[in-house]
Structure formats: structure tokens, C-alpha cells
Amino acid sequence: MNQDSIIYFENVSKWFGDFQVLKGINLEVNKGEKIVVCGPSGSGKSTMIRCINRLEEHQEGKIIVDGTELTGNVKNIDTVRREVGMVFQQFNLFPHLSILDNCTLAPIWVRKMPKVEATELAMQYLKRVQIEDQVHKFPNQLSGGQQQRAAIARALCMQPRLMLFDEPTSALDPEMIKEVLDVMIGLAQDGMTMLVVTHEMGFAKEVADRIVFMDEGQIVEAKAPKEFFENPDSERTKLFLSQIL
Amino acid sequence: MHSLNWIKQNLFSTWLNSIVSIVLIYFLASVIPPLLDWFIFEATFIADDRTGCTTEGACWAVVGARFYQFMYGFYPTEEVWRVNLVYAMLPFGIAPLLWDKIPFRKQFLFFSMAYPFLVFFLLYGGPGLSSVASNKWGGLLVTLFLGLGGILIAFPLSIFLALGRRSKMPAILTLCIVFIEFIRGVPLITLLFFGNIMLPLFLPEGINLDTIIRALVAVTIFQAAYGAEVIRGGLQAMPKGQYEAAQALGLSYWQMNYKIILPQALKITIPALVNTAIGLFKDTSLVLLIGLLDLLGIGRAALADTKWMALHVEVYVFIAGIFFIFCFGFSRYSLYLERKLNTDNDGENK
């Protein structure tokens, strides 16, 4: 494990019943790195990134996030979750709270931030994702793209040290994908450490430091984009690329 | 002209519509006047006994003569100001729980918390007040004490039971399942008898719970079990993503439930919760079987009086009217809540 490592997977395995979803995953991500995870559906990519904030529990191996090892220890889990932001495919905004309240909730309750300060912080991020004029609306009154941008702002309000994106554009209409990707590109340019599960290969080419290709619970290949697209090692990667490009 | 248009559009828009309207108008025209006659125009409001009711209509004099008992039971007349004070303070005790936008809500909430203790002190007596045992209470007093008391105390219990039944901790889970299933599995009347006869056997010597407190315990745990199942239904309807988003933000179990899950789960269970609350409010009448005289019990006592015998319709209509006012209030309040909490696109909210 090197000095700059913020995520460290060592031989991580996980089963759903008899079915093994993750088969001995080894992966190390450095601070500031942007990783795009791709692969066919059912390959375990979502499960892998959900292990990072313990939404899924791994059964074998070792996961260390920002110096904290994930075990059954609830304190460790809380510590990790405070530092890891997550954006979901289905946005998962809280429909009973306004956009602003969605964003200030965790800073106020988890970080114990005064309300005024949390509101200022939230407005700053909501401006950044360009929905500062919608902040008093409820999630269901916004378009999908706006909701996903609000969800990104909500995660950023916890000022996380790393961000996980679990297929953030898969539930969006095509014309809204770009507005969300633009926000993510901006975030990447600011130096945020990001793990993104996505099929948006344009995004991967532009932003990723490494592309991780998974199949059947294993990491098949992990390379810089140029290498990955032009010179893949495995047959499975070639087949996958031929299908999606 | 406006109203003529309205009538045309809404009552006589098609042939079928016109026929239905005419039949209904005829029906109402033949039913309402006789009812009004019976209720008001032909009714007797003041009389010394039933022989004084010589007109064709209702003999409301029985209600007047028994009004004190309907409201207070056999509470001593010189102490009745205590009950009146409890009644008068009730709106102030409940309003801050029901509406979040009343002025000085924070201050009123303290009063709401003190209110149950005030009620106890005032009704029972204590330092400075002579004691009035619950066998002197009756009528609306008993109905409200058990009905509102049961509903309000049971509500938080329901929430904990519902959460417990979804707990991953086996001890809590088993406890909640056994409690809920046992209570739901027996009729309320059994619980009332159980509370009245068997509860004293389980309590340490020297602790003697009053009959009405035993009834309150029975009514409360009954409502808690039913409410728990309703709320559990709401919890189950929550998408997994809501839990995950809350966890990913670092919220603790209690924060997640308090801020994210319960507000949404309770919102969708409002109609069903109010339904069970209304059911319980009316079921409190069963306490007449363990010797407490609620509204219905007082009504039956009035009917047993030779002076007012056989005035069943008047007495039951009056009692039904009082129950209706409260239950209708509950259901209007639930509609108001549903509308207020609607945050969908079609909502009037903001």
C-alpha cells in the first residue's frame, strides 16, 4: 500500500447466497485519481463500489478507505461514510425535503454544522451545479437532470474526500446526460478523487486516469484510457468494446 | 345566470343525468322536511319528564335533563370546575401537536407536555384538591380520557414497535412480534377484562391501579399493536434507495429514521392510521362492560330511568352526534395533513 492510496482492496470477495459476485478483487486508488469502472451488467462493478462505503459487506479480504479499515466496527463505518460521497442511478433525493434541505441535512446532523453555515455551503454547491434558482422546490418538481445535479450537490455538501458514482446517467433521458456529465467533468478538473461506474465512454476518455474493466466478479483489465481503447489485452475487453463503441 | 348555468351543466347535462337528478331531488324533498320536523320544528326541548313531551317530534328534554351526566358522569357538582378546566385547556394542549404554524408553538409544546399531568392532577385530585375516584367519572369525560389518551400515548409506542419488528437484533425483533401478534390476536374486550381482573394480580402488593387506568392501559396497548402494523406497512413501502442515500451521507440509524424514513412512511400511512384511531375512539364504548360509564353507558343509564324510559332514538341520536363530531374532525384533519405533506408536482404545496 503506497503513501497516496485512498482506497485499497486486497483480495476482496463477496457472495450473494451461493453466487460469488466479487472474486478476489485487488485495486488501489490514489488521491486525486479518477477511475472509470465499466463492464457488462452483472459483472459486480456496482457491488464493488458499494463495498467502499459499506452499503454492501464484503466477506473476504481487506478494504481500507482513507486509512480506515472497513470491518463490522460501526465507528469505522461512520468515519468512512462521512468522507465518502455517493451518487446513485436513481438519484435517491429525499422527496419530502426541499432541494436545499436535502443538501443541508447531513452537514447539520452528521457534521453538527450551524444551520446558517450549512445553508451557505449548500448554496455554494447548488450554484456550482447550476440549480441555485430551484433550491426551494421539492425533488419531484425537477427534471431528472436537475435532480441528479442536486444529488451531486448534496453529496458534495459533506465535503467528502472521495466521490462514488453508481451509473449516474443511466436513468436519464439522453438530452439530460450532458448536463450531469459536465458537472462531473468540472469536479474532476478540480482534483476530486472519483470512482465512476458508467458506460459513457466519451466521459471515460476525457476524464479517467484509469479505466477498470470488470467481468464475472473480476477485474480483467485496468489501464489508462488511450491504452485501454487502442490496445486491450484480453479478448473479453475487445468483445465488450466492440459492443458498446 | 351563473347558478342556472351551473345547474344545467352539472345536474341536467344528459338525459340520464336529468333523470337521476329528478329522482334524487324528489327523494330529498320527501325525506328532509319530515326529518326537520322531527328534529326541530315538532320537537320538545324543555319538559320535566317524558309525559311532558306531547308533540309529534323528538323529546330532546331527556338530553337537557341528563346533560350534566353526559358531560361529566357523576362527578361531584362542587368539583366540576376541574373537569371544565380540563376541557377548556384541551384545545391548547392538542393544537401545537396538530399544527406546526401556530404562533408561540414552542411555548405551547411545553404546555402540551405538561397537559397530561395536569389532567391527572385535576381529575383525580392531589395536594390541595380533594380526590375523585374514577367510578364518579362518566360520559364524554371517560370517552375522551380513554379515546384521546389511548390514541396519543399509543402513537409513539406504535412507531417503536414497528421499527422493532424490522430490527436485525433477534431479541428486540422477537419481543415486538410476540407483543404485536398477541395483542392483535385477542379482542379488545378480552384485553379490558384482562386489564381489569388480571393486571392487579401481576402488580406488586400495595399498588392498586384505578379501573380507568387499567382500561387506559388496555386501550393503549391495543391501539399500539394495530398502529405498529399500519406503520410497518408504510416502512415497507419505502424504497431501498432512501435508506441507502441516508446511510451514504453518514446518518445514524435514529437520524435516518427520524429525518428520512418516518416522515415519509407516516405520511403514506395517515389514512390508515386515522382509520384505526377512529375505530379505537368508538371502541372505547366497550368499557361499559367493565363498569365504566362512557357516553354510551350514561345513555343507557338515562334510558333505565322511569322518567325518561323508551326514548331510545333521542338518546342514541345524541350520542351518535357527539361521536360523529369527533370522528369527522379526525378525518378532516387527516385530509388536511395529506394535502399539506403532498410534495409532488400536482401538489398545492408552495
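Note on naming: letters A, B, ... go to the chains in the order of the sequence lines (proteins, then strands), and numbering restarts at 1 for each one.
- When each of B/Gly250, B/Ala245, B/Ser252 is checked for heavy-atom pairs under 4.5 Å with chain A, B/Ala245 comes out on top.
- The distance from atom CD of B/Gln247 to atom CG of A/Asn53, rounded to the nearest 0.5 Å, is 9.0 Å.
- In this structure the side chain of A/Arg154 reaches within 4.5 angstrom of the side chain of B/Leu249, judged on heavy atoms.
- Looking at A/Leu93, the atoms closer than 4.5 Å to chain B (heavy atoms on both sides) all sit in the backbone: N, CA, C or O.
- Interface residue B/Tyr258: only side-chain heavy atoms are found under 4.5 Å from chain A.
- At a 4.5 Å heavy-atom cutoff, B/Lys267 makes no contact with chain A through either its backbone or its side chain.
- The distance from atom CD1 of B/Ile261 to atom CZ of A/Phe94, rounded to the nearest 0.5 Å, is 7.5 Å.
- Counting non-hydrogen atoms of neighbouring residues, nucleotides and ligands closer than 6.0 angstrom, the OH atom of B/Tyr336 exceeds 12 such neighbours.
- Among all heavy-atom pairs drawn from B/Leu251 and A/Ala106, the shortest one is CD2-CA, 4.5 Å.
- At least one side-chain heavy atom of B/Gln242 sits under 4.5 Å from a side-chain heavy atom of A/Pro95.
- Counting non-hydrogen atoms of other residues, nucleotides and ligands closer than 6.0 Å to OH of B/Tyr87 gives a total above 12.
- Atom CZ of A/Phe16 sits in a crowded spot, with more than 12 heavy atoms from other residues, nucleotides or ligands closer than 6.0 Å.
- Other residues, nucleotides and ligands contribute over 12 non-hydrogen atoms within 6.0 Å of the CZ atom of B/Arg166.
- Proximity to chain A is limited to the side chain of B/Gln255, based on heavy atoms less than 4.5 angstrom apart.
- Counted within 6.0 Å of CD on A/Glu69, heavy atoms from surrounding residues, nucleotides or ligands total more than 12; the atom is thus considered enclosed.
- Chain B forms more heavy-atom pairs under 4.5 Å with one residue of A/Met86, A/Gln89, A/His96 than with any other, namely A/His96.
- Remark: the backbone N or O of B/Gly241 is paired with a side-chain donor or acceptor of A/Asn92 at under 3.5 angstrom.
- With contacts defined as side-chain heavy-atom distances shorter than 4.5 Å, the pair B/Glu244/A/Arg50 qualifies.
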